[in-house]
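These numbers come from the heavy atoms of this one structure, side chains and all, not from hydrogens, waters or symmetry mates. Here is the naming used below: chain letters follow the sequence lines, and residue numbers restart at 1 for every chain.
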There are 2 protein chains.
Amino acid sequence: MKAADLRKAGLKATIPRLRIMEVLEQASPRHMSAEDLYRALSEAEEDVGLATVYRVLTQFESAGLVVRHNFEGGQSVFEMACEQHHDHIVCVRCGKVDEFVDETIEKIQLDIAERQGYELTDHSLILYGLCPDCRG
Amino acid sequence: MKAADLRKAGLKATIPRLRIMEVLEQASPRHMSAEDLYRALSEAEEDVGLATVYRVLTQFESAGLVVRHNFEGGQSVFEMACEQHHDHIVCVRCGKVDEFVDETIEKIQLDIAERQGYELTDHSLILYGLCPDCRG
DNA sequence: ATGTATGCAAAACATTTGCACCTGG
DNA sequence: CCAGGTGCAAATGTTTTGCATACAT
């Protein structure tokens, strides 16, 4: 992801935006909060304000470059948008996040929306549990 | 729901708790934020502090009397716990919330958790869309 | 050049907590 | 009576906003 990609999304290719994109692209785990991102940038001596991190993430979300999730715990987390839509399973003990795809669930969701008369625009499926490492 | 039910849950049957339970039981729509509840109580001349509303809702949640949801929009919403687990479909325009149950999805979720090695403790499935009244 | 983006500090929210006073059992 | 509950106000944590300055094109 580089300057041209930002311009294509209608955003000026500024240093803060490029840095934020870089960090998020190389993030492992893929999911970071605004604060995580801010800390990562600070540690890398990149002088980006927290307000800018929030503003840029919101713009990236609108542009479809990143996806925001509201897992339990109060703050939003972000990940790079990727080709394949997927859902999440979160460890309630250690916070680990795994991803999965299930076509059957996707299809049933559409059926349910239709049955209720809704035009589906989005959905959020989050499973919570104990990950292999945290199970007794 | 009355005093005895609260005591059974290990909670003293105080006026604020009884009032909050009453409002939530008779709520329509079923889903209310802490602020909604506080306003409803104030309008009914019931003098309950906002901090108490939050404290009581948290206690009720721990006791399994109410369920908390984190829909989009920053604040948590609560509903009376009911026999049947269900998921939600929320109108992104007017905020209307409908409920649905789908056994197939429930079952697949268990499969997925198992496949990923997780011990499932909870899950959240929320569909977002335009409700019949808000479409086109 | 000039319209936007940024950094900082302050504001805005949702929620939690400390503490002196009240209340249910 | 007294452990626990409550109201209020202050603290917290997250996200947003106002504004003067800096930057991309």
Length of the CD-C1' vector between A:Gln75 and C:dT16, whole Å: 16 Å
Check: B:His88 ring centre within less than 6.0 Å of B:Phe71 ring centre: yes
Touch class at under 4.0 angstrom, heavy-atom based, for A:Ser33 against every strand present: nothing
Salt-bridge contact B:Arg30-B:Glu99 (side-chain N to carboxylate O under 4.0 Å): yes
Whole-Å distance separating the CG atom of B:Asp36 from the C1' atom of C:dT15: 15 Å
Qualifying residue for side-chain contact (heavy atoms from CB on, under 4.5 Å) with A:Ile112, from B:Ile105, B:Val101, B:Asp98: B:Ile105
Side chains of B:Thr52 and B:Arg55 in contact at under 4.5 Å (non-hydrogen atoms): yes
Phosphate contact (C:dT6 OP1 or OP2) by A:Thr14 side-chain N/O below 4.0 Å: yes
N or O in side chain of B:Tyr54 less than 4.0 angstrom from C:dT15 OP1/OP2: yes
Of B:Thr52 and A:Val48, the one whose closest DNA chain C nucleotide lies more 5': A:Val48
base_contact_polar (C:dG7 base, A:Arg55 side chain, donor-acceptor, <3.5 Å): yes
Distance in angstrom units between B:Ile15 CD1 and C:dC22 C1', rounded: 12 Å
Test item: A:Arg135 side-chain N/O and B:Gly117 main-chain N/O as donor-acceptor pair under 3.5 Å: yes
Nearest-nucleotide pick for B:Ala13, side chain only, options being C:dG25, C:dC8, C:dT6: C:dG25
Side-chain (B:His86) to main-chain (B:Gln84) donor-acceptor, under 3.5 angstrom: yes
Touch class at under 4.0 angstrom, heavy-atom based, for A:Arg68 against every strand present: nothing
Of A:Tyr38 and B:Leu11, the one whose closest DNA chain C nucleotide lies more 5': A:Tyr38
Separation of C:dT15 P from B:Leu50 CG (nearest whole Å): 9 Å
Euclidean distance, atom CG of residue B:Leu18 to atom C1' of C:dG24 [Å, nearest integer]: 11 Å
Atom pair distance, as rounded to whole Å: CG in A:Leu41 and C1' in C:dT6: 14 Å
Length of the CZ-P vector between A:Arg19 and C:dG7, whole Å: 12 Å
Boundaries of the DNA chain D segment in contact with chain A, non-hydrogen, under 4.0 Å: D:dT14 to D:dT25
Gap between atoms CG and C1', on B:Leu57 and C:dA14 respectively (whole Å): 13 Å
Test item: A:Glu61 and A:Val67 side chains (from C-beta on) under 4.5 Å apart, heavy atoms: no
